[in-house]
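If you're wondering where the values come from, they're calculated on a predicted model, not measured in any experiment. One-based numbering, in listed order, for ligands and for the atoms of each. Only heavy atoms go into these numbers, but all of them, side chains included; no hydrogens, no water, no symmetry mates.
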Amino acid sequence: MSVDPHFQRVALIGFGLIGGSIARAAKRQGLAGEIVTTARSEKTRARVLELGIVDRVVATNAEAVKDADLVILCIPVGACGPVAQEIAAHLKPGAVISDVGSVKGAIVRDMAPHLPETVHFVPAHPVAGTEHSGPDSGFAELFINRWCILTPPEGTDAEATAHLRAFWAAMGARVEVMTPDHHDLVLAITSHLPHLIAYTIVGTADELAQVTESEVIKFSAGGFRDFTRIAASDPTMWRDVFLANKDAVLEMLGTFTEDLAKLTRAIRRGDGEALFDHFTRTRAIRRGIVEIGQDSAAADFGRQHGQLDKKP
Ligand code: NAP
């Protein structure tokens with residue numbers, strides 16, 4: 001039986017890339033009777049009002065959640081605990097309380113103790129994003145064909161989970177349910193470690209740029225450019241991710257370091273076969289990702305190339 005994805009009143013705390021995309025998608029799909037939002041700064045709240053996407057913009061988190069049937073915290077992971085404490089007394093009994101944080105164990109640990117038993121806590125993580133932030137960065141299509149992982153703590157009302165699942169599915173997401181710990185381990189390798197590597201390599205290249213002047217930028221299409229997109233991701237968000245998912249990231253970093261040592265040894269020994277085998281395996285992984293529709297098959301991420309219009 002299909003579950004109704006609608007909520008009468010939806011409160012979004014935080015209106016950046018993710019909050020702004022939820023507002024746009026929910027509006028487009030008619031998923032909320034009313035959308036109320038707030039953000040930390042007056043500047044963002046004024047901009048949200050100007051954009052005219054939501055029904056009401058209010059000044060405080062407490063005001064935003066009043067009478068809301070669905071509350072989604074779309075703020076950095078580190079801010080979720082204090083905000084849960086702040087809104088707890090103002091939540092409507094029976095409401096679904098969720099978030100979009102990229103780490104789940106810390107969210108459950110920091111938010112759950114503050115929430116009253118009368119509400120249903122269903123943490124969520126839409127595995128979708130860009131390197132942009134702020135109220136203008138969101139778009140309604142962000143979640144289409146992307147995963148949204150729900151991590152309801154044990155004993156959560158199944159109907160509340162199904163309702164939130166239907167809401168995300170109606171915005172185009174593919175929804176999966178798992179435990180917070182499993183989520184954190186999977187995301188440590190698929191998202192957190194790649195970001196750490198990008199932050200490292202771009203920082204290292206920046207130091208080299210002092211030596212080579214602007215050659216790092218000039219020849220960046222040789223691979224470096226793709227790391228710079230990831231390394232341009234929001235510093236607050238990613239600081240919080242690494243602090244909140246420390247154990248899983250350190251575990252994956254250990255495995256990564258061992259694998260890097262193996263490749264280093266292969267290069268040092270001139271072991272072409274080991275390098276070739278490794279690169280063949282990774283190429284198959286890329287093809288698999290394209291096959292299941294998680295990225296475009298277009299060469300070079302679909303970047304446009306110039307035209308050769310005149311013969312010399
Ligand atoms: P963002 O664009 O920087 O927006 C963050 C929003 O949170 C802003 O509206 C900000 O208000 C507000 N905010 C910050 N602290 C607050 C507080 N204490 N109380 C109320 N509002 C507060 O960030 P985002 O990219 O949407 O990320 C939000 C969450 O989504 C993070 O937890 C992140 O882990 C998760 N996430 C991000 C991505 C991604 O690719 N970006 C993907 C999946 C999940 P001001 O503008 O007034 O400061």
Return the orientation label for the Trp238 and His195 ring planes: parallel under 30°, perpendicular over 60°, tilted otherwise.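 Ring orientation of Trp238 relative to His195: parallel.
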Is it true that Arg24 and Glu141 make a salt bridge, defined as a side-chain N closer than 4.0 Å to a carboxylate O? no
Apply side chain to side chain donor-acceptor pair (under 3.5 Å) to Asp69 and Gln8, showing your working. CA-CA 6 Å; Asp69 304 286; Gln8 186 42 41; over 6 Å; no
Run through ligand 1 for me and note each protein residue having a heavy atom under 4.0 Å from it, chain first, then residue number.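 Around ligand 1, where the cutoff is 4.0 Å for heavy atoms, the contacting residues are Ile13, Gly14, Phe15, Gly16, Leu17, Ile18, Ala39, Arg40, Ser41, Thr44, Asn61, Cys74, Ile75, Pro76, Val77, Ala79, Val83, Val100, Gly101, Ser102, His125, Pro126, Ala128, Gly129, Thr130, Ser133, Gly134, Met237.
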Around atom CG of Leu308, are there more than 12 heavy atoms of other residues, nucleotides or ligands at under 6.0 Å?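 Counting other residues, nucleotides and ligands, CG of Leu308 stays at 12 neighbours or fewer.
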Quick one: ring-ring contact (aromatic ring centres under 6.0 Å, His included) partners of His163, sequence neighbours excluded?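 ring-ring contact (aromatic ring centres under 6.0 Å, His included) check on His163 returns Phe7.
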Kindly give the heavy-atom pair with the smallest separation between Ala84 and Leu115, and that separation in Å. CB-CD2, 4.3 Å
